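Being a predicted model, the structure only gives us computed values, none of them experimental. Below, each value reflects all heavy atoms present in this structure, side chains not excepted, and no hydrogens, waters or symmetry copies. Residue numbers begin at 1 in each chain, while the letters A, B, ... track the order of the sequences.
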2 protein chains.
Amino acid sequence: MMDEGIERMLEAIPQLPVEQARLCRLMLMVGGRMDEALDEKLKSQQLIDSEFLTLLILYSSPDGSSTPGELCEFTSQGSTNMTRIGNALVKRGLISRGASAEDRRRVVIRITAAGRRFVLKMLPPMFPRVEAMFAGFSATERSQLSRLLRKLAKNLDQLDAENAS
Amino acid sequence: MMDEGIERMLEAIPQLPVEQARLCRLMLMVGGRMDEALDEKLKSQQLIDSEFLTLLILYSSPDGSSTPGELCEFTSQGSTNMTRIGNALVKRGLISRGASAEDRRRVVIRITAAGRRFVLKMLPPMFPRVEAMFAGFSATERSQLSRLLRKLAKNLDQLDAENAS
DNA sequence: GGATCATATTTCACTGGTGAAATAAATTGT
DNA sequence: ACAATTTATTTCACCAGTGAAATATGATCC
């Protein structure tokens with residue numbers, strides 16, 4: 001629908017690697033829209049994605065607990081924000097926070113029973129949408145897409161690594 | 001690297017359409033990282049993505065001009081934000097703003113020569129990165145990815161349309 | 001010519017997130 | 001036992017973007 005724009009760019013800038021540029025745009029577009037869709041779903045439950053992600057990580061952690069520091073790593077959030085997320089989730093009774101017994105500098109964050117119930121209630125309504133997204137995709141296509149995305153992710157990792165060094 | 005988390009979710013919630021959920025996560029992850037990478041590049045030029053996008057649209061418009069209203073549509077930004085973007089780009093001399101001759105309610109925004117030079121200076125440094133992203137992709141793989149992403153985009157369109165109606 | 005509609009801007013309060021710096025409290029190293 | 005380090009929180013100022021409401025101005029309809 002707005003593919004035309006990029007075509008005109010190509011005329012103006014012949015060095016541009018066309019197909020790759022188009023793929024970038026596609027990835028950014030599709031990724032952005034999925035992100036929006038997720039945000040919207042979460043908004044209806046008064047949650048934001050970083051909070052939900054934190055909750056999911058706790059849910060899927062073996063013992064349902066973690067520490068702010070760990071959660072910062074997993075969610076790639078800053079510690080300032082993690083504290084805020086903790087506050088929000090505690091206020092809603094979805095997690096509990098307390099001092100660790102072994103190392104009392106640490107705060108141990110644990111998902112509550114209500115938190116688990118909440119996750120189990122949240123997820124199923126998301127599935128139909130997820131399935132509709134990939135409607136018409138054969139198993140082969142799904143695994144192709146998965147493979148290509150992983151390949152792309154790997155290249156991005158490499159680029160980041162080079163950048164860092 | 002953090003695929004384990006989702007595996008544990010699957011044990012807890014057997015109805016979950018595994019492959020699709022994984023694809024979602026992949027898309028969100030890869031899309032997010034590309035977005036970050038773009039933001040970073042732009043940040044080094046003191047630009048934000050909505051400003052850059054606006055500039056690109058102007059660049060690739062046949063006569064290099066548009067109106068705030070149109071740009072709102074194309075960039076899916078609100079009018080408030082579009083005004084702000086205009087202010088920023090005018091201040092940097094990349095666009096000009098003036099009243100339209102035909103309809104004087106309209107403001108006509110036009111990319112300046114400096115704006116065009118800026119775009120032409122900005123884009124080339126992005127190409128190597130773009131090419132590195134798709135390193136190791138054969139032409140077949142690129143067109144496969146493109147096809148699958150378009151298919152996905154189409155499904156998303158349909159979902160949005162159903163939602164709206 | 002006056003009501004209505006369209007376009008753009010301004011103001012304002014808000015959201016989600018960032019990043020630095022200061023502080024508090026506990027652990028570790030020696 | 002004291003310094004250095006680790007962990008978490010608080011405070012603060014900021015950024016990009018949202019959305020509503022009010023305003024200004026010009027166009028259109030009849």
Under 4.0 Å protein heavy-atom contact, by nucleotide of nucleotides 8-13 of chain D - B base, S sugar-phosphate only | SBBB--
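Within the 4.0 angstrom heavy-atom criterion, no nucleotide atom of any strand lies near Glu51(A).
Note: Arg97(A) CZ to Asn87(A) CG = 4.5 Å, rounded to the nearest 0.5 Å.
If you find the closest nucleotide of DNA chain C to Glu102(A) and to Leu47(A), the one lying nearer the 5' end belongs to Leu47(A).
Whole-Å rounding puts the Ile48(A) CD1 to dG17(D) C1' distance at 15 Å. Taking atom CG of Leu42(B) as the reference point, atom P of dA16(D) lies 11 Å away to the nearest angstrom. Distance CD (Glu73(B)) to C1' (dT7(C)): 13 Å, rounded to an integer number of Å. Between the P atom of dT28(D) and the CZ atom of Arg104(B) lies a distance of 13 Å, rounded to the nearest Å. Between Asp49(A) atom CG and dT15(C) atom C1' there is a gap of 12 Å when expressed in whole angstrom units. Distance, Asp39(A) CG to dA16(D) P: 19 Å, rounded to whole Å.
More than 12 heavy atoms of other residues, nucleotides or ligands sit less than 6.0 Å from atom CD of Glu131(A).
Taking side-chain N and O atoms only, Ser50(B) has no distance below 4.0 Å to OP1 or OP2 of dA16(D). Close to dG17(D), at under 4.0 Å from its OP1 or OP2, lies a side-chain N or O of Arg84(B). When the side-chain nitrogen and oxygen atoms of Gln77(A) are compared with OP1 and OP2 of dT18(C), one or more of them lie within a distance under 4.0 Å.
The side-chain hydrogen bond (donor to acceptor under 3.5 Å, both in side chains) contacts involving residues 34-52 of chain B comprise nothing, where partners must be two or more places apart or lie in separate chains. Applying the side-chain hydrogen bond (donor to acceptor under 3.5 Å, both in side chains) rule to pairs touching residues 113-127 of chain A yields nothing, sequence neighbours excluded.
With hydrogens and angles disregarded, no donor-acceptor distance shorter than 3.5 Å links the side chain of Ser100(A) to the backbone of Val107(A).
Side-chain proximity of Asn81(A) to the nucleotides dT18(C), dT27(C), dG17(D) is greatest for dT18(C).
Taking every heavy atom of both residues into account, Asn155(A) and Ala135(B) meet most closely at ND2-O, 2.9 Å.
Of the N and O atoms on the side chains of Asn81(A) and Arg84(A), at least one donor lies less than 3.5 Å from an acceptor on the other residue.
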